[in-house]
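Proteins come first, then strands; the chains are lettered A, B, ... in the order of their sequence lines, and each starts at number 1.
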2 protein chains.
Amino acid sequence: MSNNHIFIEKLRSSGLRPTKQRIKICKLLFDRKDTFHFTINDLSDSLRKITLDKISLATIYNTINAFKEKGYLKEISINSNKTYFDTNVSNHHHFFDENKKELIDLNDNDVGKIKIKKSLPGKKIKSIELLVKIANSN
Amino acid sequence: MSNNHIFIEKLRSSGLRPTKQRIKICKLLFDRKDTFHFTINDLSDSLRKITLDKISLATIYNTINAFKEKGYLKEISINSNKTYFDTNVSNHHHFFDENKKELIDLNDNDVGKIKIKKSLPGKKIKSIELLVKIANSN
DNA sequence: TTTAAATTTATAACGATTCTAAAGTAGAGT
DNA sequence: ACTCTACTTTAGAATCGTTATAAATTTAAA
Ligand SMILES: [Mn+2]
Ligand SMILES: [Mn+2]
Ligand SMILES: [Zn+2]
Ligand SMILES: [Zn+2]
């Protein structure tokens, strides 16, 4: 439909051919107001719902890995058998709801400034990730 | 040898029978001055070096899961195909060296106080984990 | 010593992810 | 529009960390 040409450009500009599979995945991931978190399985289910011609699991993995590579997605550090991705690639932190197994964004106002005072020679900081695990109180 | 009775007590007091496999793993994990981080594979290799009669991989997994359950070990939240454990069960944070694939403790002096200002109704905080990924600078 | 429950073990099963290699497609050059 | 080649998709196999199974062994209570 409408926004396809935007995604076609986005893909082209990063050296990825705008295939119909990639465009569909782009629309699902990026054609919305709010960012969100997902696993490959979530994505696979969502795709099955919105399209008749199925996209193979290998392609979903290939595409998500390519998007992560290009910086369109972020992988969240969390110990789970599944990998969690985030369409919000800005620096931010997370609650992880252990009951729902879902990530919730913490924005800058939600967390005091994090200061790393230690440094190691020959090493530089690549990322700072805070994960706050939460669960039902009762 | 010497400290066995301490570990035997520790195991008994937590409802775990003090088998020779568990005692060997206890000695390897806890009979030392400094705490450390390890994966099951690390531990398996270490065990093979210090003992002639091999401990099956299933027993290693069972034992580590039991120790985690009892609070003798902590699992670190990190996105890796392997699970990382910590014999330091106190609250502390980590550097993760992406080149060496190894965790390095950050103590309280190394990180400014972390303040979580957001809370969700019906939910309580279970843990706060900061992971600072580092890599070679050049 | 007897006996039930806990533990160990080898091996199978599982599940997320990656690999393979064959078939299909996109786009540059003509 | 046609050709050609590199890129992409795909089904299915392979990988690998972890968990499940079920039989043999060990622990420890009675
Ligand atoms: Mn992990
Ligand atoms: Mn993970
Ligand atoms: Zn997020
Ligand atoms: Zn640690």
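Neither OP1 nor OP2 of C:dT18 sits under 4.0 Å from any side-chain N or O of A:Tyr61. A close approach under 4.0 Å does occur between a side-chain nitrogen or oxygen of A:Thr83 and OP1 or OP2 of C:dT17. Phosphate contact (OP1/OP2 of C:dT9, side-chain N/O of B:Gln21, threshold under 4.0 Å): present. Within the 4.0 Å cut-off from OP1 or OP2 of D:dT9, not a single side-chain nitrogen or oxygen of A:Ser56 is found. Phosphate contact (OP1/OP2 of D:dT26, side-chain N/O of B:Thr19, threshold under 4.0 Å): absent. Taking only side-chain nitrogens and oxygens, B:Arg22 comes nearer than 4.0 Å to OP1 or OP2 of C:dT7. Between A:Arg12 and C:dG27 there is a side-chain N or O to OP1 or OP2 distance below 4.0 Å.
Residue-to-nucleotide proximity on DNA chain D shows that, of B:Pro18 and B:Leu57, the 5′-proximal contact is made by B:Leu57. Remark on DNA chain D: of its neighbouring residues B:Lys20 and B:Phe85, the 5'-side contact belongs to B:Phe85, judged by nearest-heavy-atom nucleotide.
In this structure, the nucleotide among D:dT27, D:dT10, D:dT8 sitting nearest to the side chain of B:Arg17 is D:dT27.
Side-chain N/O atoms of B:Thr39 and B:Asp42 include a donor and acceptor closer than 3.5 Å. In this structure, a donor-acceptor pair under 3.5 Å is present between the side chains of B:Ser77 and B:Glu129.
Taking the six-membered ring for Trp and thresholds of 30 and 60 degrees, A:His37 and A:His94 have ring planes more than 60 degrees apart, a perpendicular arrangement. Between B:Phe96 and B:Tyr84, the ring-plane angle classifies as perpendicular under the 30° and 60° cut-offs.
Between the CD atom of A:Glu69 and the P atom of C:dT17 there is a distance of 16 Å, given to the nearest Å. The distance between atom CG of A:Asn79 and atom P of D:dG17, rounded to the nearest whole Å, is 15 Å. Atom CG of A:Asn62 is separated from atom P of C:dA21 by 16 Å (rounded to the nearest Å). Between A:Asp42 atom CG and C:dT17 atom C1' the separation is 16 Å, expressed in whole Å. Rounded to whole Å, atom C1' of C:dC19 lies 13 Å from atom CG of A:Asn65. Atom CD1 in A:Ile64 sits about 15 Å away from atom C1' in D:dT8, given to the nearest Å. C:dA16 atom C1' lies 10 Å from atom CD1 of A:Ile40, rounded to whole Å. When rounded to the nearest whole Å, the span between CG of B:Leu16 and P of C:dA5 equals 18 Å.
Note: A:Asp110 CG to B:Lys115 NZ = 13.5 Å, rounded to the nearest 0.5 Å.
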